[in-house]
Asker: 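Let me begin by handing over the structure; questions about it come next.
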Amino acid sequence: MSNRMWGGRFTTGPDAVMEEINASIGFDRKLYAQDIRGSKAHASMLAAQGIIAADDAVKIQAGLDTILSEIEAGRFEFKRSLEDIHMNVESRLAELVGPAAGRLHTARSRNDQVALDVKLWVRDTLDHLDAQVTELMQALAEKALAEAGTVMPGFTHLQSAQPVTFGHHMLAYVEMLARDRGRLRDARARLNECPLGAAALAGTSFPIDRQATAAALGFDRPTANSLDSVADRDFALEALSAASICAVHLSRFAEEIVIWTSAQFRFVRLSDKFTTGSSIMPQKRNPDAAELVRAKTGRIMGSSAALTMIMKGLPLTYSKDMQEDKEQIFDGLESLSLALAAMTGMVRDMVPDPAVLRKAAGAGYATATDLADWLVRRLGIPFREAHHVTGRIVGIAAAADLPLEKVPLAEMQAVHAGITEEVFEVLGVARSVASRTSYGGTAPKNVRQQAKAWLKRLGKEAAAPARREGPA
Ligand code: ARG
């Protein structure tokens with residue numbers, strides 16, 4: 001059977017393997033809502049411009065609504081022989097409304113149609129991801145406020161460096177996610193031009209109104225070059241790049257959760273909701289969700305790399321290669337969505353152990369810098385010399401296997417005669433963090449202030465009206 005959409009020149013149907021490699025309905029059915037939204041806007045515009053009759057447009061709209069409800073109710077039969085979502089919808093439309101269906105594709109091609117559908121899907125998904133990132137930021141800021149005074153070790157090289165607070169650590173991720181959200185928003189803003197009406201690649205001789213379809217579909221304006229309109233997938237590459245960077249942040253946090261929940265650390269505990277047991281080792285509580293968030297990052301970056309590779313050698317304009325964009329886009333962005341949801345769940349679920357954290361915060365002579373700073377401040381000695389004096393005192397502590405604050409004063413004075421009793425005030429971890437009041441520093445006072453500021457800002461954003469979209 002030759003194809004009913006372009007049967008004119010074709011006498012036989014495709015080879016079975018051709019159908020297999022060519023069909024995209026297995027995955028692009030996910031675009032059904034966007035495809036129908038775009039077709040409805042197109043049909044309205046065609047009628048408004050007098051390109052098709054008003055009663056044909058009415059039939060088309062009604063038929064498209066029926067198809068939408070059929071698909072949503074799981075009553076739509078997707079056919080691989082009809083290749084993709086566009087032709088599945090159009091073919092069903094012909095069954096439902098007869099010859100009027102054939103007029104929908106006037107002044108349009110599957111090339112601008114698919115560019116539009118994918119753009120709409122990416123845009124919808126960016127909005128969803130934006131809300132999810134916001135929710136995770138909120139969960140982190142709440143945790144930060146609750147744990148503003150909980151002292152924990154701060155690390156460099158995964159070696160105890162200086163004490164910080166758990167809240168401060170949470171707020172570090174809020175900052176990263178704020179930048180991620182900014183990148184998602186930038187991608188959305190740049191994406192928001194409508195390719196519909198570029199037709200196959202050259203535009204059309206019909207008197208279409210591209211401003212109208214762009215506005216109806218919530219775009220800022222139509223795209224300005226018909227060739228670019230059908231050849232461009234930057235918007236997807238940009239979304240996947242932004243998603244990759246966000247995923248890297250989630251992965252770093254996931255890695256920390258894996259470390260923190262281990263028996264050697266025990267910094268935090270996750271409940272049964274986000275862990276699994278072992279079938280053979282009863283003591284185990286595995287942080288699977290965190291591990292999978294870490295793994296999704298590879299997948300998301302893989303999608304980004306794959307689509308970049310698919311696009312890199314394509315001459316203008318559309319090539320069928322571009323059909324392979326979809327699985328990468330869907331998988332990459334949906335994986336990020338799942339990772340964000342899991343991470344938000346874990347942040348809410350996570351219970352830090354203040355005693356363990358405090359003990360760890362003091363281990364490894366983490367307040368050595370505080371001692372050196374004290375020597376500078378109180379005795380006026382240059383920092384380089386203070387560093388040296390401190391090093392010798394740490395040596396004494398290490399030899400005696402004592403924490404810094406337990407080294408007898410006399411032994412410190414033997415290293416530097418100017419040291420007084422007062423030095424002990426800065427050797428404890430709580431004093432150490434409380435003293436870090438410089439802007440952006442870890443002092444609980446700062447952390448409380450910043451956490452509150454974030455919560456206020458995020459709360460206001462949540463209360464603000466959602467992003468508008470014009471009637472489709
Ligand atoms: N299924 C195709 C895709 O996803 C739709 C566009 C087909 N265009 C064409 N000229 N064959 O890319």
Side-chain angles (χ1 to χ4, degrees), residues 2-10 13-15 17-39 41-42 64 67 71 76 78-94 101-102 104-125 191 194-204 223 225-237 239-240 303 306-334:
S2 83
N3 189 296
R4 56 143 63 106
M5 300 295 163
W6 55 73
R9 248 199 85 203
F10 286 69
D15 190 81
V17 72
M18 174 58 189
E19 189 175 294
E20 172 143 15
I21 195 169
N22 201 37
S24 53
I25 189 62
F27 47 87
D28 70 11
R29 64 173 70 184
K30 201 186 276 291
L31 298 172
Y32 73 90
Q34 289 78 14
D35 194 69
I36 290 172
R37 227 194 295 170
S39 287
H42 186 63
L64 289 169
I67 294 171
I71 296 177
F76 188 93
F78 291 101
K79 297 190 184 121
R80 197 169 79 161
S81 58
L82 289 168
E83 199 179 316
D84 58 22
I85 184 65
H86 323 298
M87 295 201 289
N88 270 270
V89 169
E90 197 182 321
S91 162
R92 176 71 183 135
L93 187 63
L104 171 61
H105 215 51
T106 314
R108 186 176 76 169
S109 148
R110 277 191 297 155
N111 296 348
D112 58 339
Q113 190 178 358
V114 75
L116 171 68
D117 293 4
V118 175
K119 251 192 186 184
L120 286 173
W121 192 91
V122 170
R123 193 179 70 182
D124 290 345
T125 306
L191 158 158
C194 184
L196 185 64
L201 76 165
T204 174
T223 49
N225 180 293
S226 63
L227 303 176
D228 177 50
S229 308
V230 296
D232 166 41
R233 290 295 180 274
D234 300 5
F235 62 89
L237 289 174
L240 285 171
S303 307
L307 184 56
T308 309
M309 227 57 83
I310 288 166
M311 296 304 297
K312 78 173 232 325
L314 301 185
L316 300 189
T317 55
Y318 177 86
S319 295
K320 196 61 173 261
D321 309 52
M322 290 164 71
Q323 176 164 286
E324 293 282 314
D325 63 350
K326 289 166 207 62
E327 287 162 291
Q328 304 306 331
I329 296 170
F330 297 156
D331 193 68
L333 298 185
E334 284 174 347

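Because only heavy atoms are used, hydrogens play no part in the values below, and waters and symmetry mates are left out as well, while side chains stay in. Positions are given from 1 along the sequence. These figures come from a predicted structure and were not determined experimentally. Whatever order the structure lists ligands and atoms in, that order sets their numbers, starting from 1.
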Asker: Got a salt bridge between Lys326 and Asp28, using NZ or NE/NH1/NH2 to carboxylate O under 4.0 Å?
Answerer: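 Here Lys326 does not pair with Asp28 in a salt bridge, since their nearest N and O are not under 4.0 Å apart.
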
Asker: Got Met87 and Arg110 here, is their nearest side-chain heavy-atom distance under 4.5 Å?
Answerer: yes

Asker: Give me the nearest non-hydrogen protein atom to atom 5 (C) of ligand 1 as residue plus atom name, then the distance to 0.1 Å.
Answerer: Asp84 OD2, 3.5 Å

Asker: Looking at non-hydrogen atoms alone, which of Glu324, Glu83, Gln323, Arg110 comes nearest to atom 2 (C) of ligand 1?
Answerer: Gln323

Asker: Go through ligand 1 atom by atom and flag the ones less than 4.0 Å from a non-hydrogen atom of Ser24.
Answerer: 1 (N)

Asker: Just verifying a value: how many Å separate Arg29 CZ and Leu31 CG, rounded to the nearest 0.5 Å?
Answerer: 11.5 Å

Asker: Measure the distance from atom 4 (O) of ligand 1 to every protein heavy atom, then report the residue, atom name and distance (to 0.1 Å) of the closest one.
Answerer: Lys326 NZ, 2.5 Å

Asker: Among protein heavy atoms, which sits nearest to atom 6 (C) of ligand 1, and what does the distance come to when rounded to 0.1 Å?
Answerer: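 Scanning the protein heavy atoms, the shortest distance from atom 6 (C) of ligand 1 goes to Tyr318 OH, 3.4 Å.
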
Asker: Need the ligand 1 atom indices (1-based, order shown) with element for anything under 4.0 Å from a heavy-atom of His86.
Answerer: 5 (C)

Asker: Ignoring hydrogens and angles, state whether a donor on the side chain of Ser39 or Arg108 is under 3.5 Å from an acceptor on the partner side chain.
Answerer: yes

Asker: Tell me which protein heavy atom sits closest to atom 8 (N) of ligand 1, plus the residue, atom name and distance to 0.1 Å.
Answerer: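 For atom 8 (N) of ligand 1, the nearest protein heavy atom is Asn111 OD1, 2.9 Å.
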
Asker: How far apart are the closest heavy atoms of Lys119 and Pro195, and which atoms are they?
Answerer: CD-CD, 4.0 Å

